[in-house]
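To start, the structure under review is shown below, and the notes come after it.
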Amino acid sequence: MCTAITYYTKDHYFGRNLDLEFSYNETVTVTPRYYPFHLRNGKTLDHHYAMIGMAYIVDGFPLYYDATNEKGLSMAGLNFPNNADYKEEREGCDNIAPFEFIPWILGQCANVNEARILLERINLVDLNFSEELPLSPLHWMISDKGNSIVVESVKDGLKIFENPVGVMTNNPTFDYQMFNLNNYMHLSKEPPANTFAAKLELEQYSRGMGAIGLPGDLSSVSRFVKTAFTKMNSVSGDSELESISQFFHILGSVEQQRGCVHLGGDKYEITIYSSCCNMDKGIYYYTTYENSQITAVDMYRENLDGNTIISYSLVKKQQINYQNR
Ligand SMILES: C[C@H](CCC(=O)NCCS(=O)(=O)O)[C@H]1CC[C@H]2[C@@H]3[C@H](O)C[C@@H]4C[C@H](O)CC[C@]4(C)[C@H]3C[C@H](O)[C@]12C
């Protein structure tokens, strides 16, 4: 399971929880403007926007999970099993493999409108990166500093949905997730009034009763509702520290603790990492399951006019700030 969100204060933020039972040795990866992305369709993107994000680098190619480019356009891939359907190559289209989709869009587009133009010509093809890696069944959220869309390649074609809540999780399809919010329109951050029955005296005995019925389990439908409620009602100051702190609190509302989602044997799904990228400043903040201290990589501290990938191993060990030694 995974959850992606946007959050806007003075600056704009994009990030996600990556929930899985294992890790591929992903690193915070900066791809500078002149790194040549050799695509499977024979083309090369040799001059493109620089980007920063989380990627697994294989044979020198950054396999991005989520990233933000120097214009702030951001994108994340989330699991979409049994629904994602990739196609055969088609003439007259941009045939792009799923693992190339993030660089293809972020390399060339400055905002969601420009991404929509590229999406008109795209055909997501049924192509593995290698025999050793699975063909991931994904869907994607693409966000800029004002708008978000969701892209789903399914049996009957490529679907693009407006995403007015700026939240995405996993199955089922995005239109269902949005419709399902109708079931929760009675929830409130305010204390409830008694509308149960006029002749019955009922009492507000606890804070938070306005949101009784907000799902708390870890299924993707429940995480969508929980995150949408938390994010849409979120209040924070607009400084960098207040904004990123609030961002991690929103993601924390749906994080996965080891033990609660059993996958058989001794396997449990956990939140491997949570990320928050400042879309204006190109700073990628993250925490990992073991290390709750926020670590950051600043894209603008690197030479963005280079042609080699820069990568930072995740700081995974817990950092404790002792106050008396
Ligand atoms: C599984 C990850 C998404 C996490 C998620 O949504 N889990 C939910 C599970 S469930 O639905 O609720 O069951 C996805 C996100 C990005 C994916 C990775 C990226 O797409 C990059 C490469 C792409 C290669 O084709 C496969 C390995 C891979 C390294 C992918 C492995 C895996 O599919 C990742 C890590």
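Numbering of ligands and ligand atoms starts at 1, following listing order. Please read these numbers as outputs of a predicted model, since none were measured by experiment.
Short contacts between ligand 1 and Pro134, defined as distances under 4.0 Å to a heavy atom of the residue, involve ligand atoms 24 (C), 25 (O), 26 (C). Within ligand 1, counting atoms from 1 as listed, the ones closer than 4.0 Å to a heavy atom of Cys2 are 3 (C), 4 (C), 5 (C), 6 (O), 7 (N), 8 (C). Counting the atoms of ligand 1 from 1 in the order shown, those under 4.0 Å from a heavy atom of Gly77 are 15 (C). Those atoms of ligand 1 that come under 4.0 Å of a heavy atom in Leu20, given as number and element, are 1 (C).
The closest approach between any non-hydrogen atom of Phe129 and ligand 1 is not below 4.0 Å. Contact analysis leaves Ser220 out of contact with ligand 1, as no non-hydrogen atom separation drops below 4.0 angstrom.
Residues passing the side-chain contact (heavy atoms from CB on, under 4.5 Å) test with Lys267, sequence neighbours excluded: Glu21, Leu263.
In terms of hydrophobic clustering, with Ile, Leu, Val, Met, Phe, Trp and Tyr side chains grouped at heavy-atom distances under 4.5 Å, Leu214 and Leu218 are assigned to different clusters. Cluster annotation: Leu314 is connected to Met299 through the hydrophobic network of ILVMFWY side chains, with a link wherever side-chain heavy atoms come within less than 4.5 Å.
For the residue pair Tyr285 and Ala296, the shortest heavy atom distance occurs at CD2-CB, 3.6 Å.
Only the side chain of Pro81 comes within 4.0 Å of ligand 1, counting heavy atoms alone; its backbone N, CA, C and O stay farther away. Heavy atoms of Asn128 found under 4.0 angstrom from ligand 1: none, in either backbone or side chain. Proximity of Asn170 to ligand 1, defined as any heavy-atom pair under 4.0 Å, is confined to the side chain (atoms from C-beta onward).
Closest to atom 28 (C) of ligand 1 by heavy atom, among Ser219, Ser136, Ala76, Ser23, is Ser136. Between Tyr24, Phe101, Trp140, it is Tyr24 that holds the heavy atom closest to atom 31 (C) of ligand 1. Comparing Tyr65, Phe99, Phe80, Tyr64 by heavy-atom distance to atom 18 (C) of ligand 1, the nearest is Tyr65.
Atom CG of Asp59 has 12 or fewer neighbouring heavy atoms from other residues, nucleotides or ligands inside a 6.0 Å radius.
There is no side-chain donor-acceptor pair under 3.5 Å between Tyr289 and Gln318. For the residue pair Asn41/Asn95, the side-chain donor-acceptor check at 3.5 Å is not satisfied.
In terms of polar-atom proximity, Asn79 is counted as a contact of ligand 1, with an N or O under 3.5 Å from an N or O of the ligand.
Contact annotation: the side chain of Arg116 approaches that of Ile160 to within less than 4.5 Å [non-hydrogen atoms, C-beta and beyond].
Geometric assessment of Arg40 against the ring of Phe99 yields a negative cation-pi assignment under the 6.0 Å and 45° thresholds.
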